[in-house]
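Beneath this line is the structure, given in structure tokens, with notes to follow.
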Amino acid sequence: MITRRQFQTTMVGGLAATLLPRREARAAGEPYRIGSLFSYTGPAAFLGDRMKRSVELFVEETNKKGGIQGHPIELVLYDAASESSKAVLAVKRLIEQDKVDVIVGDGNRSDIGLALIPSVQRAQVPLMSVSGATSLVEPVKDRAWVFKSTVNDVEVVARLLDFFKKKGVKDVAMLNDTGAFGVSARDVLRAQAPAAGVNVVAWEEFQPSDNDLTTQLTRIRSTSAQAIVCWTVTPAGVVFLKNAQQLGLKQMLVHGFGFVADRYMQLAGDAAEGLMLTSLKFPVAEQLPDGDPIKATILDYKARYRAKYKEETDVYGGQAWDGICMVAHAMAQSGNAKDKIRTGLETTIKEFKGVGGIFTFSPEKHWGLAKSDVVMIEWRKGKFQLVDL
Amino acid sequence: MSRALPSRVSLVGLAGFLVVVALVPGVAPNAYVVQVLAFTGLNVMLAVGLNLLMGYAGQVSLGHAGFYGLGAYVSSVLGVRFGLSPWLGMPAAACVTALLAYAIGAPTLKLKSYYLAMATLGIGIVLHLGFVQLYWWTGGSSGLANIPPLDIGPLHFGSDRAHYYAIWLFAAAALWLALNLVNSSVGRALRAVGDSEVAASAMGVDAPWAKRRIFVLSAVYASVAGSLYAHYITVISPEIFSFLASVVLVLMVAIGGIGQYWGPVLGALLLTLLPEYLRKYGDYEVPLYGLALIVVMLFLPRGLAGLLQRGARRAPSVRVDAVPPPGVAATVGAAPLLEVSGVSKHFGGVRAVQACSFDIRAGEIRAVIGPNGAGKTTLFNVITGVYPPTQGEVRFQGQRLTGLPPHEVARLGVYRTFQNVQLFGSLSVVENVMVAGAGRHPDRFVDALLARRAQAEADRDRLARALGCLALVGIEPLAFAPAASLPFGQQKLVEVARALAGEPALLLLDEPAAGLNSTEKVEMMRLIGRLRALGLAVLLIEHDMRLVMGVSDRVVVLNYGKKIADGSPAEVQADRAVVRSYLGEEADSVARGH
């Protein structure tokens, strides 16, 4: 039982500690301070956990090797807890109290990342986002301090349309979720399809929480669609596969790049057999030809992660890995002043071999990947198989 | 003689708190701390509003994050899509939220129990879905960006400090209004409703209306906080306003101390500052946070505000002299005061009261007796509007009572006590008495919020009259004790005093002597004598025959819901049917000499 006095003392002490800035013993040789913000609790944790571990792995290895040009990295890591109001406070703490030079990770969800942008823009601190939405880095004039280590749906959809052309698929149906990820891809497809000579014969939508898509698929069945494209990151994508199997649909089934997860494939069982997916090269790294420029990079990262944590990483962990690698690269070239890091990213990240692809940033383009980093893969016999490089 | 009412919250305390709030940014080491404290201000607004509902009216809202979100989205969408200034968007959002809360409150708050919790649970989820689905306005699940900041003309709100002051200005207003409200008769009536809705209604409090007003106010608090959040951070997304956020708000109130003015303030402080403080423990943040909450719950069952409670009462602040209750002017004419005509009340197959008729004349003391289960209390409940009769009607001073809700019956001049004492446990003795009497000084919500002078004067008059009623029943010295601390006998006297404060023409006493010892019974008989002297008519349910026969002018006897006798005490005592019903057939035979 605590007494009132004890309790008050604890509370006052706690409040005082909250109000006082964080002071840590600084290592000799002026450390570079990197802040990191991932959601490793809450719904977004299944992505954030490996991202966090990847960043920690990088910092540990770099410091063992003597840091960035002799400067040890001081990592300040906070949990965004899948909540943007928490993330807003956390990013403020990184900037104002921990005085980090740069931030890697934006809570690993597009909406959280968007909520952080006003803070980093105002404070002029570079932020390396690991989330999907194009609006995180576009328009660049309002996003001068934000970069992104993932692919944009603009490239992914373009790659998919190339594949359709190659396979002679003229009529397709689009079935996207009403979340940011699905709606954005729908708009991109609407803009790109006419020029690619692809005719979208059905536009259907579903809620991320839906557990039956029979109505939408029945409508699609009565059209001339040769392929059905489903765009979601939610488990409703499994329902799509199961319903399509139950209805006996013979069309080519395609998923976007947010669905490349073994777990989803296993949930869908044999309904996923033969599913086509747009993806980065990461999941099929082992099958890439030896001449592929990033094959070794991917395999190296996978092996280091496995050695440290005794488990496999995934493509999302790889996004965070690329993010911190590029930030460290820019800091090695230009030092740790915030504006130097920003221009460093814009000018020194050229043909940078990451695990997601080959990154090239410029003052006009703050996302690094291109159409050529996207491949078509197929789920067959319990494995992702490379189909079209 | 007199003192401050024990449940009053000190304005000086609030002023002191706000001074601290105003000074804090000066010593804050950086903008992060200022932002955390600005967020705390938002949570204080939310929690204080929710506590008015939960702690005072006894109703839970599980959808408060929905109202928070509605405030954020309405003013943001108006700003982003239609270019409206936040200073217009914010009141517009508050109006929309108030209308919605009013509409939800209308059906659910007429019912007792926790229907509001269920309705708000649903509304919170529907609103959240709306934020996601109406994406052409709200930006869907990726949220809405580029929300205009709180600028007023050339005055630009750029810094966290400016926002801190803007937010705390609103929070201060919210705290001040809440303080006025809980110190007013409106706040007292709310506590009464939260403690016992049946008793509050019987004392003339319009319980559904009282709950609904406070629900709307509480929702508006949330809406304003939401608008401020949106225009401060300039980006919102639906997950901030999810069901989980509603639960955190309820937790703030619970941890801080439900129904205590400073409770939600402390709860909001703790639940906003603690997670930020614990951040430095990295992976241990979440377990430590959980542990802290468990410790508070275990060792501080009354919440953090329990720590602030002082043993000693505050010093006197107002001088009031007791005003004795006025008598009832003797009415000329033979027209009965109350007429019960052919009243039946059935509960499914149970016929609790069957075709019962009798009347009461002005100034008369009338008793209803009968074995247990004879339907006496049901009859009381029909007369006072708690139950509608299945058949028949009740008239009071020629006016139909049937169909009126209990508080309107009370306001016409019919007050009652309860068989199982129903005092308002969170109030002092005198405050219990002050709840009655809305007829003389109707509650004015806006006056109460703004602490208008008329309100204070009316309340002083209520206090004087309440003390007079307590003097009449002989417990004035206990006026400032917590009602729940009194022994049973005195609680019964408080109930009589409370009913008297409504200045009734007819007083219904439900077993006033039950549970009393013989001295207390004599005291109660004397009290009923004093009530007669005031000119009140009394309808009495009682089992104590000495008391009944000693004070009553006429007695009605019920058995199995039917009236079996009606007359003077002597006539009733001689009635064979009555003797049979009380003592059985055999005793009747014995009495007749067989």
Side-chain angles (χ1 to χ4, degrees), chain A residues 1-2 4 7-8 11 14-15 17-22 24 40-44 76-79 81-86 88-99 109-119 122-123 132-133 135 142 177-184 207-209, chain B residues 24 27-37 39 42 129 132-133 135 139-147 149 158-160 229 232-242 244-245 266 269-270 272-280 282-283 285-286 292 295-296 298-300 304 306-307:
Chain A
M1 186 82 183
I2 53 166
R4 195 165 108 191
F7 184 84
Q8 285 171 338
M11 287 306 298
L15 287 178
T18 308
L19 294 171
L20 292 172
R22 203 182 144 88
E24 283 188 351
Y40 36 94
T41 57
V76 187
L77 188 72
Y78 292 138
D79 183 10
S82 314
E83 276 178 47
S84 51
S85 50
K86 277 199 157 183
V88 164
L89 287 177
V91 87
K92 196 87 179 180
R93 181 170 178 144
L94 288 174
I95 296 167
E96 301 287 346
Q97 188 155 310
D98 303 315
K99 307 214 180 295
R109 225 169 58 189
S110 296
D111 52 340
I112 298 180
L114 285 169
L116 304 182
I117 288 175
S119 300
R122 214 175 298 140
S135 53
D142 301 326
D177 76 22
T178 51
F181 187 70
V183 170
S184 172
Q207 315 246 350
S209 56
Chain B
V24 158
V27 296
N30 58 46
Y32 156 67
V33 174
V34 174
Q35 185 169 52
V36 171
L37 293 171
F39 273 38
L42 295 174
L129 273 178
V132 176
Q133 294 300 320
Y135 52 82
S141 54
S142 59
L144 190 59
N146 303 322
I147 300 168
S159 71
D160 292 292
Y229 176 87
Y232 176 19
I233 299 304
T234 69
V235 182
I236 50 173
S237 52
E239 103 284 348
I240 308 171
F241 314 109
S242 65
L244 208 63
L266 295 173
L269 278 168
L270 181 76
T272 323
L273 298 184
L274 187 65
E276 290 303 317
Y277 169 63
L278 291 176
R279 270 195 195 284
K280 64 176 182 183
D283 289 348
E285 177 194 333
V286 174
V295 167
V296 173
L298 278 181
F299 295 110
L300 300 169
L304 295 172
L307 287 173

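Only a predicted model underlies this, so the values are computations on that prediction, with no experimental measurement involved. These numbers come from the heavy atoms of this one structure, side chains and all, not from hydrogens, waters or symmetry mates. Proteins come first, then strands; the chains are lettered A, B, ... in the order of their sequence lines, and each starts at number 1.
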At their closest point, which heavy atom of B:V286 faces which heavy atom of A:T41, and how far apart are they? CG2-CG2, 4.1 Å

I'd like to verify something: which residue of B:S237, B:G139, B:A245 has the highest number of heavy-atom pairs under 4.5 Å with chain A? B:S237

Flag the one option from A:L116, A:V183, A:T178 with the top tally of heavy-atom pairs under 4.5 Å to chain B. A:T178

Considering residues at least two apart in sequence or located in another chain, which fulfil the salt bridge (charged side-chain N to carboxylate O under 4.0 Å, His left out) criterion with A:K86? none

How many angstroms lie between atom CG of A:L114 and atom OG1 of B:T234, to the nearest 0.5 angstrom? 10.5 Å

Based on non-hydrogen pairs under 4.5 Å, which of A:S184, A:A123, A:P118, A:S110 is most in contact with chain B? A:P118

Side chain, backbone, both or neither of A:S82 within contact of chain B (heavy atoms, under 4.5 Å): backbone

Sort B:A145 into side chain, backbone, both or neither according to what part of it lies under 4.5 angstrom from a heavy atom of chain A. neither

Any idea which heavy atoms bring A:Y78 and B:R279 closest together, and the distance? CB-NH1, 3.7 Å

For B:Q35, which atoms come within 4.5 Å of any heavy atom of chain A: side chain, backbone, both, or neither? both

Mark yes when over 12 heavy atoms from residues, nucleotides or ligands other than B:N146 sit less than 6.0 Å from its CG; otherwise mark no. no

CD (B:E285) and CG (A:D79) are apart, to the nearest 0.5 Å, by 6.0 Å

Scanning both residues in full, the closest heavy-atom pair of A:E96 with B:A31 reads CD-CB, 3.4 Å

Rounding to 0.5 Å, atoms CG (A:D111) and CD1 (B:I236) come to a distance of 11.5 Å

About how many Å separate OG of A:S119 and OH of B:Y32, when rounded to the nearest 0.5 Å? 13.0 Å

What I'd like to find out is whether the side chain of A:K92 reaches to under 4.5 Å of the side chain of B:D160, using heavy atoms alone. yes

Side chain / backbone / both / neither for B:I233 at chain A, heavy atoms under 4.5 Å: both

